Amino acid sequence: MTSTVRRAPVLVAVLALAACSSADGAPAVELPTPTGDAADACRALAGELPAVVDGEERQVLDEETPFAAAWGSPAIVLRCGVERPDVLTPDSDAYDPLGVEVVGVNEVSWLLEERADGIRFTTTEREFFVEMTVPDAYAPEVNPLLDVAAPIDRHIPLDELYRTDDSGEGDGHAHH
């Protein structure tokens, strides 16, 4: 399968800790702190994340949390319950919804943001945001998304604007 990724210029806030390692070799991850329904959805997602992503084994994090996971070295990092990306936040200086690159992987839509060390993907069209940073070492960087798409689709509900049923009920996702 061949795919073309258009590299759109996007202002990205780099998370200094996202790809670093701690003294004991565990990936150091900036932990999100979701609350309420977002925290519940992330806990459900954590229970179904795979042991292997893109052929890489799951790593032990410094702090046990249902809101983050990492695989391989350099680490592929998933964070659940992160803030809306600035490029999609209307009152942000970086707001530019028309200048973004979005990729769809098995029913999950992702914002693609180029970083110095790889790509950060953040879910779109969902009530809560899941972010996955994939280092350049794993090119093509979209491959790890294949392994997490199904659990994300099951546990992170579509935003009501993107639900396809008429009643808002019966689609298998949690509703408010």
Side-chain angles (χ1 to χ4, degrees), residues 1-15 17-19 27 29-32 34 37-38 41-42 44-46 48-50 52-56 58 66-72 74-90 92 94-164 171-174:
M1 178 178 116
T2 58
S3 63
T4 303
V5 175
R6 180 175 51 85
R7 308 277 186 192
V10 176
L11 180 62
V12 177
V14 177
L15 297 173
L17 297 176
V29 176
E30 185 178 323
L31 300 179
D37 290 344
C42 289
L45 173 63
E48 280 197 39
L49 288 174
V52 175
V53 164
D54 198 25
E56 299 294 323
R58 179 111 176 232
F67 307 131
W71 296 265
I76 297 167
V77 176
L78 180 142
R79 299 182 331 127
C80 186
V82 297
E83 295 294 317
R84 176 187 304 272
D86 286 345
V87 73
L88 299 178
T89 303
S92 164
Y95 184 61
D96 184 16
L98 300 178
V100 300
E101 177 72 18
V102 176
V103 296
V105 178
N106 296 351
E107 307 301 320
V108 179
S109 180
W110 299 85
L111 167 69
L112 180 154
E113 294 176 283
E114 186 73 30
R115 298 165 43 115
D117 58 349
I119 296 178
R120 175 172 58 199
F121 297 94
T122 308
T123 55
T124 63
E125 302 178 358
R126 301 279 163 170
E127 285 186 26
F128 315 114
F129 296 94
V130 177
E131 170 191 286
M132 197 151 184
T133 52
V134 182
D136 284 332
Y138 300 102
E141 291 90 341
V142 296
N143 285 354
L145 304 180
L146 293 167
D147 295 319
V148 299
I152 287 173
D153 191 41
R154 276 193 296 276
H155 297 292
I156 307 300
L158 283 169
D159 184 280
E160 64 185 36
L161 292 174
Y162 300 98
R163 293 186 190 139
T164 56
D171 62 0
H173 296 293

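Side chains are part of it too, since the values below use all heavy atoms of this structure and drop only hydrogens, waters and symmetry mates. This is a predicted model, so every value here is computed, not measured.
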Would you indicate whether the side-chain heavy atoms of [Y] and [X] approach each other to under 4.5 Å?
X	Y	answer
F121	V134	yes
I76	Y138	yes
W110	L145	yes

Mind checking the [atom1]-[atom2] spacing from [X] to [Y]? Nearest 0.5 Å is all I need.
X	Y	atom1	atom2	result
R120	T133	CZ	OG1	8.5 Å
L158	E107	CG	CD	9.0 Å
H155	C42	NE2	SG	11.5 Å
E101	E114	CD	CD	10.5 Å

Could you work out, with side chain to side chain contact (heavy atoms under 4.5 Å, CB included) as the rule, every residue matching [X], not counting sequence neighbours?
X	value
A70	P27, Q59, L61, A75, V77
A38	P34, F128
D136	E141
P151	L45, E48, R154

(request) Just do the side-chain contact (heavy atoms from CB on, under 4.5 Å) check on L49 and R58 with the steps written out, would you? (result) CA-CA 9 Å; L49 288 174; R58 179 111 176 232; 3.8 Å; yes
(request) Report the C-alpha separation of T122 and E113 in whole Å, then their side-chain angles, then the decisive distance to 0.1 Å, and conclude whether the side-chain contact (heavy atoms from CB on, under 4.5 Å) test is met. (result) CA-CA 8 Å; T122 308; E113 294 176 283; 4.1 Å; yes
Distance-minimising heavy-atom pair for [X] and [Y]:
X	Y	answer
I119	R115	C-CD, 4.2 Å
P97	V100	O-CG2, 3.3 Å
T123	F129	O-CD2, 3.2 Å
V148	W71	CG1-CH2, 4.5 Å
A149	V105	CB-O, 3.6 Å
P74	A137	CG-CB, 4.0 Å

(request) Could you walk me through whether M132 and V130 pass side-chain contact (heavy atoms from CB on, under 4.5 Å), step by step? (result) CA-CA 7 Å; M132 197 151 184; V130 177; 5.8 Å; no
(message) I'd like to know if E125 pairs up with R163 as an ion pair, taking the criterion as any Lys NZ or Arg NE/NH1/NH2 lying under 4.0 Å from an Asp or Glu carboxylate oxygen.
(response)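 Salt bridge flag = no for R163 with E125.
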Ignoring hydrogens and angles, tell me if any N or O in the side chain of [X] forms a donor-acceptor pair with the backbone of [Y] under 3.5 Å.
X	Y	answer
R126	I156	yes
D96	G99	yes
D147	D54	yes
R79	F67	no

(message) Run the side-chain contact (heavy atoms from CB on, under 4.5 Å) test on L146 and N106 for me, step by step, so that the C-alpha distance in whole Å, both residues' side-chain angles and the decisive distance to 0.1 Å come before the verdict.
(response) CA-CA 7 Å; L146 293 167; N106 296 351; 3.8 Å; yes
(request) Mind checking side chain to side chain donor-acceptor pair (under 3.5 Å) for S109 and listing every partner two or more places apart, or none if nothing turns up? (result)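 Once residues adjacent in sequence are excluded, the partners of S109 under the side chain to side chain donor-acceptor pair (under 3.5 Å) criterion are T124.
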